[in-house]
Amino acid sequence: MATSESLQQTETINGKRYYVIGKNKYPSVTTVLGSMTDSSGLDEWRKRVGEEEADRISKFSANRGTIMHQMIEFYLGSTLEGNRERLMEAQEKIIEFTKEEGFSEEELEVGRRLFYSFYNNGLFNRISRVVSIEETLYSHQMGGYAGRVDNIYENTFAHLLILDFKTSRKQKKKDWIKNYFMQIAAYFLAYWEMHGVKPKGGEIWIAVENDEPQIFEVTWEDIKVYGKEFLSLVKKYHELNPLPPEYIKK
């Protein structure tokens with residue numbers, strides 16, 4: 001499961017999220033990717049639909065994504081024996097979670113539907129054993145980075161895989177999700193560094209509104225390519241965003 005409380009601690013520095021790793025403060029994987037990759041497409045979309053509508057869509061997408069992720073965590077993290085029992089438990093817990101967080105009924109409906117797109121298509125059957133859920137991972141390479149991976153599991157061949165869940169309003173092409181591949185590579189390398197165990201690969205599961213879910217498999221060859229590119233971004237990020245002196249522990 002998740003690592004120690006000290007590894008889970010995050011703080012915001014100059015508007016960017018950092019993990020506290022011992023005496024170090026490392027930028028999150030998503031912070032590095034968001035800061036160091038091209039976001040012109042997103043900027044153009046915001047201009048096209050208008051800031052108010054873009055904010056509305058972004059908030060709704062984030063909330064329904066949170067609901068989907070949390071329902072998956074309830075389901076895969078359940079200690080109950082049968083699939084039906086775990087599913088019923090997840091259904092009950094997600095309703096309570098939605099109320100506590102103040103999410104809307106529409107957000108709950110869509111988030112739950114995204115969960116069921118995985119469930120009804122048998123994707124969870126790929127998981128033979130859950131190794132960890134929401135584990136905090138870090139690497140000291142290139143100045144350091146950290147992040148929290150959605151899931152690590154063993155498949156029916158006992159292969160260890162890094163898994164990330166995504167949501168989308170439409171089907172994706174591989175060329176569009178380079179950052180997703182770099183994110184998997186970042187977690188892969190950090191897990192290997194921390195545990196001394198090399199995973200077999202990774203997977204990206206995308207729940208698509210009103211369409212079939214997608215699975216993108218991330219091979220070792222992919223890891224070598226995208227991992228190298230991500231580490232170069234980490235190095236460049238630290239060069240461009242040095243920590244203020246008051247945040248550096250002696």
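Positions are given from 1 along the sequence. Heavy atoms only: backbone and side chains are in, while hydrogens, waters and symmetry mates are out.
Residues Val197 and Ile184 share a single hydrophobic cluster, defined by chaining ILVMFWY side chains whose heavy atoms lie under 4.5 Å apart.
Nearest heavy atom pair, residue Thr10 against residue Arg17, reads CB-CG, 4.2 Å. Of all heavy-atom pairs spanning Tyr226 and Ala185, the tightest one is C-CB, 3.9 Å. The shortest non-hydrogen separation linking Tyr75 to Asn83 is OH-OD1, 3.4 Å. Minimum interatomic distance between Glu212 and Asn121 (heavy atoms only, all atoms of both residues): OE1-OD1, 2.8 Å. Residue Leu137 comes nearest to Ala190 through the heavy atom pair CB-CB, 3.8 Å, listed as atom of the first residue, atom of the second, then distance. Leu114 and Ser117 make their closest contact through O-OG, 2.6 Å (heavy atoms, listed as atom of the first residue, atom of the second, distance).
Partners of Tyr191 under the ring-ring contact (aromatic ring centres under 6.0 Å, His included) rule, at least two apart in sequence or in another chain, are His195. For Tyr180, there are no ring-ring contact (aromatic ring centres under 6.0 Å, His included) partners, not counting sequence neighbours. With sequence neighbours left out, the side-chain hydrogen bond (donor to acceptor under 3.5 Å, both in side chains) criterion links Gln70 to no other residue. A search for side chain to side chain contact (heavy atoms under 4.5 Å, CB included) contacts involving Glu100 returns Glu96, not counting sequence neighbours. Shown here are the ring-ring contact (aromatic ring centres under 6.0 Å, His included) partners of His140, two or more places apart in sequence or in another chain: Tyr26, Tyr138.
The structure places CD of Glu134 at 11.0 Å from CG of Leu76, a figure rounded to the nearest 0.5 Å. Distance check, rounded to the nearest 0.5 Å: OH of Tyr119 to CG of Leu87 gives 4.5 Å. Note that OG1 of Thr66 and CZ of Arg64 are 10.0 Å apart. Values are rounded to the nearest 0.5 Å. Here Ile57 contributes atom CD1 and Arg46 contributes atom CZ; the two are 9.5 Å apart, rounded to the nearest 0.5 Å. Summarising the geometry, atom CG belonging to Leu161 is positioned 9.0 Å from atom CD belonging to Glu154; distances are rounded to the nearest 0.5 Å. Atom CG of Leu108 is separated from atom NZ of Lys99 by 10.0 Å, given to the nearest 0.5 angstrom.
Within a 6.0 Å sphere centred on NZ of Lys198, other residues, nucleotides and ligands contribute more than 12 heavy atoms. Within 6.0 Å of atom NZ in Lys235, 12 or fewer heavy atoms from other residues, nucleotides or ligands are found, so the atom counts as exposed in its surroundings. The environment of CD in Glu105 is sparse: at most 12 heavy-atom neighbours from other residues, nucleotides or ligands sit within 6.0 Å. Remark: Glu81 CD is loosely packed, at most 12 non-hydrogen atoms of other residues, nucleotides or ligands lying under 6.0 Å away.
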*Residue pair Phe230, Tyr145: steps toward the ring pair (Phe, Tyr, Trp, His ring centres under 6.0 Å) verdict*: CA-CA 10 Å; Phe230 177 76; Tyr145 66 88; 4.9 Å; yes
*Give the C-alpha distance, both sets of side-chain angles, the deciding distance and a yes or no for side chain to side chain contact (heavy atoms under 4.5 Å, CB included) between Leu189 and Ser139.*
CA-CA 7 Å; Leu189 296 174; Ser139 169; 5.8 Å; no
*Candidate pair Lys47 and Glu44, rule salt bridge (Lys or Arg N to Asp or Glu O under 4.0 Å), full reasoning*: CA-CA 5 Å; Lys47 289 179 181 177; Glu44 289 173 5; over 6 Å; no
Could you pull out every donor-acceptor pair under 3.5 Å between side chains of residues 215-223 and any protein atom, sequence neighbours left out?
from   : atom 1 : to     : atom 2 : distance (Å)
Glu217 : OE2    : Arg126 : NH2    : 3.3
Thr219 : OG1    : Glu221 : N      : 3.4
Thr219 : OG1    : Asp222 : N      : 3.1
Thr219 : OG1    : Asp222 : OD2    : 3.2
Glu221 : OE1    : Lys224 : NZ     : 3.4
Glu221 : OE2    : Lys224 : NZ     : 3.1
Asp222 : OD2    : Thr219 : N      : 3.0

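Ring geometry for Phe118 versus Trp205: interplanar angle over 60°, hence perpendicular rather than tilted (30 to 60°). Below 30°, between 30° and 60°, or above 60°: for Phe74 and Phe97 the angle between ring planes is above 60°, a perpendicular geometry.
Glu135 and Tyr187 form no side-chain donor-acceptor contact under 3.5 Å, judged by distance and modelled atom types alone.
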